[in-house]
Peer 1: 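Before I ask anything, let me first share the structure, which is written out below as structure tokens.
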Amino acid sequence: MDDQRLGLTEFRERIKISRESSPHHWEASRKFMVPETLQATLPALIQHIQEASLDPTLQERLINALQQLSNPTGRKDGNQVLKDLTGFPPSKAVRALMVWGVLNVNEERESSEVYSGMRWEKILRDASNPYDVLRQTRTPSLLDIGAGDLSFEQELVDHYVPYLRTQRTPLTLHAFDRLMPGSRVGGVYHKNLERERYLQSFSTEELRFKFWGGMGLETFSKSKGKLSRYTVSTCHAPANPTFAYEPSRVAPEIIHAHLQSSRGNYRKSRYAGEPILEVSHRGQTLTFPDWKFDILGPLALLKFMAQRSCVGILSAIDDGVFWEILSQLLADDRFRPRNEVFTNTVLPAIFGNVYVELTSMAVGDRKDLSSLADLRDPMPFEVAKNEDTQKPSRFRYVEIRRGSRLEGVPSSFTARQFSQMNEESTPWWIIMVTD
């Protein structure tokens, strides 16, 4: 058991991560430096330290140092010990310990009450607006993957903050996008500065907004200020071809050949010193970010959403991405033929009755996917050595909807463009509850 106890180095890292991942709690921790509040809260912090899995010597020194905060004659010695143990100056050391041992613990306790897959499933089955789950928790939070111009963020805030304000409940809204700020490619999909300023204008008592540019799925785990888990994660118009081919199912050379035949020849180049991708399409040379044709596959996206949120919402999904994601959500291996690219000519045979039922859906219709075929359980999410093996590995509920926009539901810039895209069929929604 002692092998699993945190030593000084691990403890310092844990405190640092706790502080950086909870900026709202770090801000709130200032109130604990008021003497009356500090003395009232210290017993809860000391109790947490007593119950925590810490090296016995470290545990004893922390408790003694905190107890000396109540003793004017010993306070100076206690402050020095806290500085030595946490690596922070005394006042920041106390605040960091409060974030780790009181505020985060309370939030996790609240979260455990509401992060029930069964509860979320019931709410979503009854809800026309899937984002209404944000009204059902005392700590609502949303992470938007590939945020683009932030039009969804503004619409979401305008929709929910007035309600949450009456409940005195702040909304945590985080968003990231692969486009590097200042890039000359990406056009209208870059963040809109006016919207960003608007979102930053709210007080932290109402909205805790943060945007990361130049950030992808693979690098988000290293970002400072992220939450360990969100109420909702969402991705609007998941990128094609990034998520339109599953690399564990289709070999790289087949993906490359299909991209060339369907999109045109492409090559890496540079524009004004910036790496770009040039694609020859219908007699034109189109310019994209250099990662445009990098293939991650739907499993990477599904794993990210399952392990970082209770509810995952994918909207404005085009056909190419939709069927590849669906093949990974369903249990039967026949939905995942090896090295066969999904095209309109092969989809009916591969998906059979599932294809018939889903393609017959009208705009606004919704279906429980498990009523058509068994869901995959568990999902084949590989767990790295440094990851928590207890992270969610299945979806207990998956709902399919049809349409680019749903009435009364915040939507993205891309969703609004589908009506002008003559080559695109009606897009899809996939709404998932993790377990």
Side-chain angles (χ1 to χ4, degrees), residues 10 12-29 88 95-96 98-112 114-115 131 133-134 137-148 150 152-153 156-157 160 164 169-181 191 196 199-200 202 204 206-236 238 296 300-314 381 383-384 386-392 432 434:
E10 295 83 2
R12 277 188 166 199
E13 184 64 19
R14 185 70 58 86
I15 293 293
K16 178 183 176 184
I17 292 172
S18 179
R19 174 195 170 188
E20 291 177 348
S21 64
S22 305
H24 55 300
H25 285 164
W26 177 247
E27 182 64 28
S29 69
F88 294 116
R95 290 175 59 195
M98 287 295 184
V99 171
W100 165 74
V102 177
L103 296 174
N104 278 354
V105 170
N106 288 343
E107 184 168 291
E108 288 171 4
R109 188 175 294 119
E110 290 178 357
S111 298
S112 67
V114 296
Y115 284 1
Y131 296 107
V133 297
L134 295 171
T137 172
R138 287 171 286 180
T139 55
S141 57
L142 183 142
L143 175 65
D144 188 19
I145 304 162
L150 301 180
F152 166 77
E153 278 68 21
L156 184 87
V157 165
Y160 286 103
L164 296 173
T169 302
L171 170 66
T172 297
L173 176 58
H174 289 171
F176 66 91
D177 197 282
R178 285 190 295 179
L179 282 173
M180 186 66 70
K191 72 175 180 182
E196 184 178 41
L199 295 165
Q200 292 171 339
F202 286 81
T204 56
E206 295 182 333
L207 177 66
R208 295 153 182 171
F209 170 75
K210 187 173 181 63
F211 172 83
W212 292 270
M215 180 79 69
L217 294 184
E218 314 94 313
T219 51
F220 181 77
S221 62
K222 300 176 183 177
S223 60
K224 294 184 177 181
K226 68 182 185 304
L227 301 186
S228 59
R229 194 160 168 79
Y230 295 80
T231 311
V232 177
S233 63
T234 190
C235 182
H236 311 285
L296 294 181
L301 179 61
L302 293 173
K303 176 183 176 181
F304 183 93
M305 299 181 81
Q307 297 185 348
R308 294 198 176 274
S309 64
C310 306
V311 175
I313 301 174
L314 297 165
F381 296 151
V383 179
N386 61 346
E387 285 188 281
D388 179 0
T389 56
Q390 298 303 309
K391 287 183 177 178
M432 305 165 290
T434 60

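Everything quoted here is computed from the prediction, not taken from an experiment. The basis for the numbers below is simple: all heavy atoms, side chains too, and nothing from hydrogens, waters or symmetry mates.
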Peer 1: Are Leu301 and Leu296 side-chain neighbours, meaning at least one heavy-atom pair lies under 4.5 Å?
Peer 2: no
Peer 1: Report all side-chain donor-acceptor pairs from residues 169-181 shorter than 3.5 Å, counting only partners two or more places apart or in another chain.
Peer 2:
unit_1 : atom_1 : unit_2 : atom_2 : d
Thr169 : OG1    : Gln167 : O      : 3.2
His174 : ND1    : Tyr230 : OH     : 2.7
Asp177 : OD1    : Leu179 : N      : 2.8
Asp177 : OD2    : Ala147 : N      : 3.2
Asp177 : OD2    : Gly148 : N      : 2.8
Arg178 : NH2    : Thr242 : OG1    : 3.2

Peer 1: Short question: side chain of Arg14, backbone of Glu10 - any donor-acceptor pair under 3.5 Å?
Peer 2: no
Peer 1: Tell me, please, which residues at least two apart from Glu206 pass side chain to side chain donor-acceptor pair (under 3.5 Å).
Peer 2: Arg165
Peer 1: If I compare all heavy atoms of Ser221 with all of Arg308, which pair ends up nearest, and what's the gap?
Peer 2: CB-NH2, 3.4 Å
Peer 1: Taking only residues two or more places apart in sequence, or in another chain, which ones meet Glu13 in a side chain to side chain contact (heavy atoms under 4.5 Å, CB included)?
Peer 2: Lys16, Ile17
Peer 1: Kindly determine whether Arg229 and Thr434 satisfy side chain to side chain contact (heavy atoms under 4.5 Å, CB included), including the steps that lead there.
Peer 2: CA-CA 12 Å; Arg229 194 160 168 79; Thr434 60; 3.1 Å; yes
Peer 1: Under the side chain to side chain contact (heavy atoms under 4.5 Å, CB included) test, which residues partner Gln200, sequence neighbours left out?
Peer 2: Glu196, Phe209
Peer 1: Do His236 and Asp144 make a side-chain contact, defined as non-hydrogen atoms from C-beta onward lying under 4.5 Å apart?
Peer 2: yes
Peer 1: Can you list everything that forms a side chain to side chain contact (heavy atoms under 4.5 Å, CB included) with Ser223? Sequence neighbours excluded, please.
Peer 2: Trp212, Met215, Phe220, Lys226
Peer 1: With a 4.5 Å limit on heavy-atom distance, are the side chains of Ser309 and Val232 in contact?
Peer 2: no
Peer 1: Going by side chain to side chain contact (heavy atoms under 4.5 Å, CB included), name the residues that satisfy it together with Arg95, two or more places apart in sequence or in a different chain.
Peer 2: Trp26, Ser29, Arg30, Met33
Peer 1: Identify, with sequence neighbours excluded, every residue that meets side chain to side chain donor-acceptor pair (under 3.5 Å) alongside Tyr160.
Peer 2: Asn129, Asp132
